[in-house]
Number of protein chains: 2
Amino acid sequence: MTEKKQLPLRDRQITSRILISAVGSLLAKKGFKGLGVNAVAREAGVDKVLIYRYFDGLPGLIAAFAQQEDFWPSTREMAGGDLEQFSGLPLDEKLSMFTASFIQALKKRPLTRAIMAWEMIEPNELTEELERVREESIMTFFQMFFAKDKTGIDLQALVMLVGAALSYLVIRSDNIDVYGGLDLATDQGWDRISSVVNMVIQRVIPQE
Amino acid sequence: MTEKKQLPLRDRQITSRILISAVGSLLAKKGFKGLGVNAVAREAGVDKVLIYRYFDGLPGLIAAFAQQEDFWPSTREMAGGDLEQFSGLPLDEKLSMFTASFIQALKKRPLTRAIMAWEMIEPNELTEELERVREESIMTFFQMFFAKDKTGIDLQALVMLVGAALSYLVIRSDNIDVYGGLDLATDQGWDRISSVVNMVIQRVIPQE
DNA sequence: TGCTTATATCACCAACAGGTGACATGCGTC
DNA sequence: GACGCATGTCACCTGTTGGTGATATAAGCA
């Protein structure tokens with residue numbers, strides 16, 4: 001029981017990192033509800049005044065957290081890991097690959113889901129910034145791989161619609177097990193969702 | 001300026017209604033962030049102790065609010081207003097009608113959107129109850145009109161996928177104007193979204 | 001050694017939260 | 001009128017929040 005009084009590190013870099021990672025663990029534990037100056041400082045085992053000194057307040061700290069975390073999947077990840085190979089695929093396979101990758105990317109990022117949910121109820125400078133990064137990332141991905149289609153269908157709207165549906169379902173899966181009869185808690189349930197998306201893709205994309 | 005001291009009504013029913021409607025206006029003004037005992041009492045211009053006496057606390061008050069509001073569209077509304085007519089439509093037109101009605105129903109219910117967003121970050125007894133009502137409503141609607149299809153496709157998953165996408169986009173439209181290049185702020189933007197859903201429906205549903 | 005500076009803690013503040021017990025006041029009944 | 005009861009107000013409690021000024025202490029340097 002010698003935990004009462006850790007000797008201070010007196011190292012700004014390390015202390016800063018401790019604070020940043022405290023944001024992460026607190027976010028994972030309690031969500032954004034319990035994310036305050038006092039709580040973060042407690043979690044980090046450090047005085048809250050350091051948040052003001054080093055990050056100029058909580059927003060600054062959260063911004064630092066968001067920057068260092070890969071809270072949003074990269075273009076490469078959304079393409080299934082291999083950009084070269086991806087760009088060579090036919091359109092329908094690209095879409096299927098994107099669907100599967102997107103689900104996986106969100107499922108393994110609890111913090112991203114928490115932030116996405118947060119954005120819906122508390123828009124502020126910070127969420128706007130995160131939002132901007134994401135919008136840009138999505139658009140880059142889309143332009144890169146889907147822009148030059150000549151299918152005659154509104155591919156962009158279709159992709160975004162699928163993205164919206166998957167985002168919603170993954171976020172919901174944190175709180176509920178069933179949505180409209182769809183099982184969100186098991187891999188089989190997600191297979192079913194992937195399947196229907198793929199079915200739509202197959203019937204909508206003109207085969208060459 | 002004689003507003004300082006309204007004479008007390010001394011009518012439990014009326015006072016209760018005032019409290020309930022205060023929840024609504026506060027929710028519309030500030031969202032769930034500022035929804036506390038003190039704030040509601042202030043908004044209602046009434047002492048907060050009455051919340052405990054009449055509703056046994058804030059959860060009870062919110063429950064009362066949720067019950068009296070039509071926070072979730074009825075089966076009839078989702079069917080476009082006329083159940084008879086709706087049930088006579090071919091499957092693809094049913095789906096198109098549902099899509100349009102669902103968008104409209106959510107767009108005109110800011111409180112429903114707020115509650116839906118709230119459910120994603122603060123699951124509790126109350127949100128679970130609202131959730132249950134909604135799940136039941138959706139399933140009833142689906143069973144009633146889409147259960148007996150013989151199309152061979154996973155109609156349920158398709159409908160729920162569309163519902164998820166639309167829910168997400170409408171909720172997002174409260175905070176952002178553009179999602180993945182889709183315009184969420186204008187009717188034209190929503191026409192585009194409806195169109196792509198209808199296109200999917202046309203190509204996916206086997207025509208007779 | 002002694003000095004400066006960065007690092008971190010502590011003590012405190014005002015504002016607000018949820019919650020409760022004591023009290024005032026009006027209404028219906030006998 | 002006098003009583004009891006429902007309705008409503010008030011004062012106050014404890015705990016927590018965001019925020020800040022004063023202070024201790026370790027590290028680096030002359």
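All values below come from the heavy atoms of this structure, side chains included, with hydrogens, waters and symmetry mates left out. Just so it is clear: chains get the letters A, B, ... in the order the sequence lines come, proteins before strands, and each one is counted from 1.
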What pairs of donor and acceptor atoms, side-chain ones from residues 16-26 of chain A against any protein atom, are under 3.5 angstrom apart with sequence neighbours left out?
| residue | atom | partner | partner atom | Å |
| --- | --- | --- | --- | --- |
| A/Ser16 | OG | A/Arg12 | O | 2.7 |
| A/Ser21 | OG | A/Ile18 | O | 3.2 |
| A/Ser25 | OG | A/Ser21 | O | 3.2 |
| A/Ser25 | OG | A/Ala22 | O | 3.2 |
| A/Ser25 | OG | A/Glu43 | OE2 | 3.3 |

Compile the donor-acceptor pairs under 3.5 Å between side chains in residues 32-42 of chain B and protein atoms, sequence neighbours left out, one pair per line.
| residue | atom | partner | partner atom | Å |
| --- | --- | --- | --- | --- |
| B/Lys33 | NZ | A/Glu122 | OE1 | 3.3 |
| B/Lys33 | NZ | A/Glu122 | OE2 | 3.4 |
| B/Asn38 | OD1 | B/Lys48 | NZ | 3.0 |

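In this structure, the side chains of A/Ser167 and A/Met116 come closer than 4.5 Å at one or more pairs of heavy atoms. Side-chain contact between A/Glu77 and A/Lys108 is present, with at least one heavy-atom pair separated by less than 4.5 Å.
Listed by first then second residue, pairs satisfying salt bridge (Lys or Arg N to Asp or Glu O under 4.0 Å) with a partner in residues 158-168 of chain A number zero, not counting sequence neighbours. Each salt bridge (Lys or Arg N to Asp or Glu O under 4.0 Å) pair with one or both residues in residues 177-195 of chain A, not counting sequence neighbours, appears once here: A/Lys107-A/Asp187, A/Arg192-B/Asp154. For residues 137-147 of chain A, every residue pair satisfying the side-chain hydrogen bond (donor to acceptor under 3.5 Å, both in side chains) rule, not counting sequence neighbours, is listed here: A/Trp72-A/Ser137. Under the side-chain hydrogen bond (donor to acceptor under 3.5 Å, both in side chains) criterion, no residue pair touches residues 58-68 of chain A, with sequence neighbours excluded.
Computed from coordinates, the B/Phe55 CZ to C/dG19 C1' distance equals 17 Å when rounded to whole Å. Atom CD1 of A/Ile62 is separated from atom C1' of D/dG18 by 13 Å (rounded to the nearest Å). Separating the CG atom of A/Asp47 from the C1' atom of C/dA11 is a distance of 10 Å, rounded to the nearest angstrom. Summarising the geometry, the separation between CZ on B/Arg53 and C1' on D/dT7 is reported as 7 Å, rounded to the nearest angstrom. Atom CG of A/Leu50 and atom C1' of D/dA24 are 14 Å apart (whole Å).
A ring-centre distance under 6.0 Å is found for B/Phe98 and B/Phe141.
Rounded to 10°, the angle separating the first-five-pair axis and the last-five-pair axis of the helix from C/dT1-D/dA30 to C/dC30-D/dG1 equals 20°.
The listed nucleotides are D/dA22, C/dG19, D/dG19; the one nearest the side chain of A/Tyr52 is D/dG19. Here the side chain of A/Lys48 is nearest to one of D/dC10, C/dA8, D/dT20, namely D/dT20.
Between the side chain of B/Arg109 and the main chain of B/Asp70, a donor-acceptor pair closer than 3.5 Å is present.
Residues passing the salt bridge (Lys or Arg N to Asp or Glu O under 4.0 Å) test with B/Lys30: none are found, sequence neighbours excluded. Legend: residues meeting ring-ring contact (aromatic ring centres under 6.0 Å, His included) with B/Tyr168, ordered by chain and number and at least two apart, are B/Tyr179.
Remark: B/Arg12, B/Thr15 in residues 12-42 of chain B come within less than 4.0 Å of DNA chain D through at least one heavy atom.
For the pair A/Glu131 and A/Arg134, the salt-bridge criterion is met [side-chain N within less than 4.0 Å of a carboxylate O].
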Please list each protein N or O that sits under 3.5 Å from an N or O in nucleotides 27-30 of chain D, with the distance.
none

Could you write out each protein N or O paired with an N or O of nucleotides 28-30 of chain C at a distance under 3.5 Å?
none

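Distances shorter than 4.0 Å separate some side-chain N or O of B/Tyr54 from OP1 or OP2 on D/dG8.
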